[in-house]
Amino acid sequence: MNYIIRNLEGVVIQVTKEYPVVLVTGPRQVGKTTMLKKLMEGTDRGYVTLDDLNERSIAKTDPELFLQLHKPPVLIDEVQYAPELFTYIKIHVDRNHEPGAFWLTGSQVFKLMQGVRESLAGRVAALSLTSLSQAEISGGGMEPFTLDIEALSARKANRKQADARGIFERIYRGSMPAIVSGANSNSQIFYSSYLTTYIERDVRELSDAIDSFKFLRFITAVAARCGQMLNVADIARDADINQTQTKNWLGILETLGIIFYLHPYSNNLLKRLVKTPKLYFYDTGLVCYLTKWSNAETLESGAMNGAILENYVVAEIMKTYLNSGKEPYLYYYRNKDAKEIDIVLEHDGVLNPIEIKKTSNPGTELIKIFDLLDKSSTPRSKGAVICMKPELGAINRDNYIVPIWMI
């Protein structure tokens, strides 16, 4: 099994010199431990996992003893199982002030992890690792996606070019390291066991009552609505559960780093006309498995091709920010007439409107919708259509055509 270099590695090395605690969160099986163990090679850092029930028991019942047994520098895996440790880590950090003393991993998203933010505020560098980005798979660079023409041109050199069929192959296969590295050649078998072994087990940890059959129906109903505005009532109906349960389980999928949301863009001049977020999965392979597409070819011509393609592009852009340790400011915009801009990227005091289309020959009609942002108090800058065109191009001076493989 080949190790794939992760773009987050450089960020981990940097923050280890600056912060006493480095926390890497993300879903199971995306390679958090593999990456950190690789970076530990040749150092004196110890390792312990709280997946080990004996270690977990000591961490929970006698955290002080646990830290005497596992002295820093140490990597503590799956730290969410023993939130009791956080207070003692804080005491150690405040006493010793040593950068890089603790590396922690957690299979829950940092923003939603109970206890860490309060205990370790100002002492922890929190990073997110997702499944592989297409940049990592092709050995490319780690810059966040922007609509700077020079930066876009530079991406060409370290990405693998792909036509529409190639893009749908990537979407169908997914981006979990076990599949990409060749350890698991059959993605369907991998996702089947991933659901039962990891996701279900973690849901059990976070939710007392879980009926496996209902949960599978629920997550399938969620996958069928990727790239759409969240509709809790529809998901509840399809999964045959109530809306409270649906909201609870959606919260768990977000906590586990399986799904994320794009919220509608608004500012003081541009009234937020919809409050509902749009829902996406970090890994499209899981979506394809749940929605039962048999191969990339049927997916490409199927009813969900536009939604899953949009999900893929949004997730890839999101990954370019997370992989460089930066907060992504991604939104969508929708007005009262249901006219919608797929992505509004906010950075450096400007807005970049972006449309995602399956076409390989986008025309000027696609960018007319960008005018919706002209009333915003934040100025609109370059726009783009991200699509299947094989090469970087432009519709006009202010609007680029960006191939999906170049994200």
Side-chain angles (χ1 to χ4, degrees), residues 1-16 18-19 21-41 45 47 49-51 74-81 100 102-113 116-117 120 124-145 174-181 183-184 190-191 194 198-199 202 253-261 280-286 312 314-328 330 407:
M1 182 167 153
N2 300 325
Y3 176 72
I4 296 167
I5 293 168
R6 305 306 299 261
N7 286 341
L8 198 63
E9 288 177 22
V11 184
V12 172
I13 291 165
Q14 182 60 45
V15 295
T16 296
E18 299 166 7
Y19 288 84
V21 183
V22 179
L23 169 67
V24 179
T25 63
R28 289 192 177 267
Q29 297 286 292
V30 295
K32 302 182 296 291
T33 309
T34 307
M35 174 185 75
L36 293 174
K37 280 186 161 178
K38 191 83 179 163
L39 293 175
M40 273 167 56
E41 286 176 3
R45 187 176 296 276
Y47 170 78
T49 177
L50 299 186
D51 268 335
V74 64
L75 164 55
I76 305 172
D77 229 343
E78 300 300 352
V79 75
Q80 76 275 0
Y81 288 131
F102 295 94
W103 281 3
L104 312 174
T105 77
S107 296
Q108 294 177 18
V109 174
F110 168 67
K111 282 192 284 236
L112 305 166
M113 276 179 88
V116 190
R117 284 175 24 246
L120 298 176
V124 60
L127 305 172
S128 292
L129 192 70
T130 64
S131 56
L132 292 155
S133 67
Q134 64 175 10
E136 289 173 315
I137 294 169
S138 60
M142 57 171 271
E143 306 74 28
F145 179 83
S175 50
M176 296 299 276
I179 296 169
V180 174
S181 65
N184 294 77
F190 171 83
Y191 284 112
Y194 183 65
Y198 294 105
I199 298 181
D202 285 344
L253 288 184
E254 189 185 7
T255 300
L256 296 176
I258 307 294
I259 63 168
F260 66 95
Y261 297 105
Y280 298 90
F281 280 67
Y282 279 108
D283 181 53
T284 51
L286 180 58
Y312 179 75
V314 172
E316 285 297 325
I317 292 175
M318 187 67 94
K319 288 175 187 180
T320 68
Y321 281 84
L322 297 175
N323 287 343
S324 37
K326 292 187 167 67
E327 184 78 26
L330 288 183
I407 298 170

Quick one: pull up [atom1] in [X] and [atom2] in [Y] and give me the separation to the nearest 0.5 Å.
| X | Y | atom1 | atom2 | value |
| --- | --- | --- | --- | --- |
| Asn323 | Tyr321 | CG | OH | 12.5 Å |
| Leu129 | Thr34 | CG | OG1 | 9.5 Å |
| Arg28 | Glu78 | CZ | CD | 4.0 Å |
| Leu36 | Leu75 | CG | CG | 5.5 Å |
| Gln108 | Leu256 | CD | CG | 6.5 Å |
| Phe260 | Leu253 | CZ | CG | 13.5 Å |

Looking at every heavy atom in both Lys32 and Gly106, which two are closest together, and how far apart are they?
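In terms of heavy atoms, the two residues are closest at CE-O, 3.6 Å.
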Does a side chain donor of either [X] or [Y] reach within less than 3.5 Å of an acceptor in the other side chain?
| X | Y | value |
| --- | --- | --- |
| Asp77 | Thr105 | yes |
| Tyr198 | Gln29 | yes |
| Ser175 | Lys319 | yes |

Decide side-chain contact (heavy atoms from CB on, under 4.5 Å) for Trp103 and Val21; before the verdict, give the C-alpha distance in whole Å, the side-chain angles of both, and the deciding distance to 0.1 Å.
CA-CA 6 Å; Trp103 281 3; Val21 183; over 6 Å; no
Could you check if a side-chain atom of [X] sits within less than 4.5 angstrom of a side-chain atom of [Y], using non-hydrogen atoms only?
| X | Y | value |
| --- | --- | --- |
| Thr25 | Leu127 | no |
| Glu136 | Ile5 | no |
| Asn7 | Ser133 | yes |
| Glu143 | Thr320 | no |

Residues in ring pair (Phe, Tyr, Trp, His ring centres under 6.0 Å) contact with Tyr261, at least two apart in sequence or another chain:
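Result, ring pair (Phe, Tyr, Trp, His ring centres under 6.0 Å) vs Tyr261: none returned.
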Aromatic ring pairing Tyr191/Tyr194, orientation class (parallel under 30°, perpendicular over 60°, tilted between)
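Because their plane-to-plane angle is over 60°, the rings of Tyr191 and Tyr194 count as perpendicular.
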Where do Val22 and Val124 land on the side-chain contact (heavy atoms from CB on, under 4.5 Å) test, with the steps shown first?
CA-CA 6 Å; Val22 179; Val124 60; over 6 Å; no
What do the steps show when you test Ile137 against Ile4 for side-chain contact (heavy atoms from CB on, under 4.5 Å), and what is the final call?
CA-CA 7 Å; Ile137 294 169; Ile4 296 167; 5.5 Å; no
Are the side chain of Thr49 and the backbone N or O of Asp51 linked by a donor-acceptor pair below 3.5 Å?
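Indeed, once roles are kept as given, a pair shorter than 3.5 Å links the two residues.
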